[in-house]
Amino acid sequence: MKIIFIFCVLLSSTIIQAQEVKEMDDDKVYRFVQKKAEPKQGMSRFLQAFSNQFNSLVIPPKFDEISFKLKFVIEKNGTLSNIEIEENEHAYAYVEEIIRVLKLMPAWQPAENKGNVVRSVHVVPIKLRFPMRNVDKALLDKAILERTVSTEYFEFECNCKLINSNTNQYNKVKEFAYNTADNNVFYSITLKEILLSNTENHFDLIKADAEKQKATINEVDYKTYQALECNFVVHGNESTFYYNTLYFIAGNNLINITVISTNEQISKFNFADLKQTFKLKIDTL
């Protein structure tokens, strides 16, 4: 009986180990397979569909084209997961748009290895071109950012001028306002000193205020910061104003950078450029 018992234990152990190996194999992501995963509609149509769905307004106007590599895992059911962007240092400016578009794409035909459907990793090079993006050229030329604005706290590229600056010692807020020569674009930069222990509370207040304004707000990665991006519209008596705002915390300061324009496309273009060119002078914060 003792020998039989030991044998049964060993057999049970072997079965359990085999099950564990099988489960591990089920979750394994293969780099090399006998039959590669591919879009059901073909790669050329996949790339065309991606290009058609991509919102070019998230790309700064100075870029006529962008290129990057998409790395993702094709699951056994053909869906895409673990999306990464490679070989593009400016990807943070439009990574949310890339992920949004990929989620709209039809499922792929998954990879096969030794007759089994498996998870696999795939890398796809992407190049997108933006010929004028349906914006009036004369208006776009006026809004293209060309000059560096610099203060002791930050700098960014803009063809604008300072129209107002203010420091509120009581609220520990520094405010800077700029506009373009034709008054078509308005910029607001605010730095507010905060207690780091209340970081989540500040973001919660921003979200609550966004809801009141019926704004669109998303959590995003901005350079090395966790940030909130907010977009909303204000209807005035004579004009409609499009606001694009980014909030993030650097040091012990809550930073708010905003672009406002009566032209929705110009507001988005310049906001994308502001996010890319904005630099904090950390040593002064």
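- Thr79 and Asn77 form a side-chain donor-acceptor contact under 3.5 Å, judged by distance and modelled atom types alone.
- For residues 244-272, the pairs satisfying salt bridge (charged side-chain N to carboxylate O under 4.0 Å, His left out) are Glu264-Lys268, with sequence neighbours left out.
- If you check the side chains of Asp209 and Gln213, you find a donor sitting under 3.5 Å from an acceptor.
- Scanning both residues, Asn168 and Tyr170, for their nearest heavy atoms gives OD1-N, 3.0 Å.
- Note that SG of Cys160 and CZ of Phe186 are 10.0 Å apart. Values are rounded to the nearest 0.5 Å.
- We find the CD-CZ distance between Glu84 and Phe72 to be 11.5 Å, quoted to the nearest 0.5 Å.
- Under the ring-ring contact (aromatic ring centres under 6.0 Å, His included) criterion, Phe248 pairs with Tyr222, Tyr225, sequence neighbours left out.
- For residues 236-254, there are no salt bridge (charged side-chain N to carboxylate O under 4.0 Å, His left out) pairs, not counting sequence neighbours.
- How far CD1 of Ile85 is from NZ of Lys71: 12.0 Å, rounded to the nearest 0.5 Å.
- Once rounded to the nearest 0.5 Å, the distance linking CG of Asn113 with CD of Gln34 reads 4.5 Å.
- Side-chain N/O atoms of Lys281 and Ser150 include a donor and acceptor closer than 3.5 Å.
- Transitive grouping of hydrophobic side chains (ILVMFWY, heavy atoms separated by less than 4.5 Å) brings Leu162 and Tyr153 into a common cluster.
- One hydrophobic cluster, built from ILVMFWY side chains closer than 4.5 Å, cannot hold both Ile163 and Val149; they sit in different ones.
- Aromatic ring centres of Phe154 and Phe176 lie closer together than 6.0 Å.
- Seen from the ring of Tyr30, Lys28 counts as a face-on cation partner, given the 6.0 Å and 45° thresholds.
- A salt bridge between Lys207 and Glu219 is present, with a side-chain N of the basic residue lying under 4.0 Å from a carboxylate O of the acidic one.
- Here Leu191 contributes atom CG and Ile255 contributes atom CD1; the two are 4.0 Å apart, rounded to the nearest 0.5 Å.
- Within the structure, side-chain hydrogen bond (donor to acceptor under 3.5 Å, both in side chains) contacts touching residues 241-251 (residues at least two apart or in different chains) are Asn231-Asn244, Asn244-Ser267, Thr245-Thr258.
- Ile98 CD1 to Leu70 CG: the interatomic distance, rounded to the nearest 0.5 Å, is 6.0 Å.
- Without hydrogens or angle criteria, Ser67 side chain to Ile126 main chain gives no donor-acceptor distance under 3.5 Å.
- Note on Ile257: it does not cluster hydrophobically with Phe232, by side-chain heavy-atom contacts below 4.5 Å among ILVMFWY residues.
- At a threshold of 4.5 Å between side-chain heavy atoms, the hydrophobic network of Ile, Leu, Val, Met, Phe, Trp and Tyr places Val173 and Leu228 in two separate groups.
- Of the N and O atoms on the side chains of Gln226 and Asp221, at least one donor lies less than 3.5 Å from an acceptor on the other residue.
- A salt bridge (charged side-chain N to carboxylate O under 4.0 Å, His left out) check over residues 97-106, counting only residues at least two apart or in different chains, returns the pairs Glu97-Arg100.
- Between Ser81 and Glu75, the side chains place a donor N or O and an acceptor N or O closer than 3.5 Å (distance only, hydrogens not considered).
- Put simply, Val220 and Val259 are part of the same group of oily side chains (I, L, V, M, F, W, Y) that touch within less than 4.5 Å, one to the next.
- Every pair tested for salt bridge (charged side-chain N to carboxylate O under 4.0 Å, His left out) that includes a residue from residues 34-47 fails, sequence neighbours excluded, so the list is empty.
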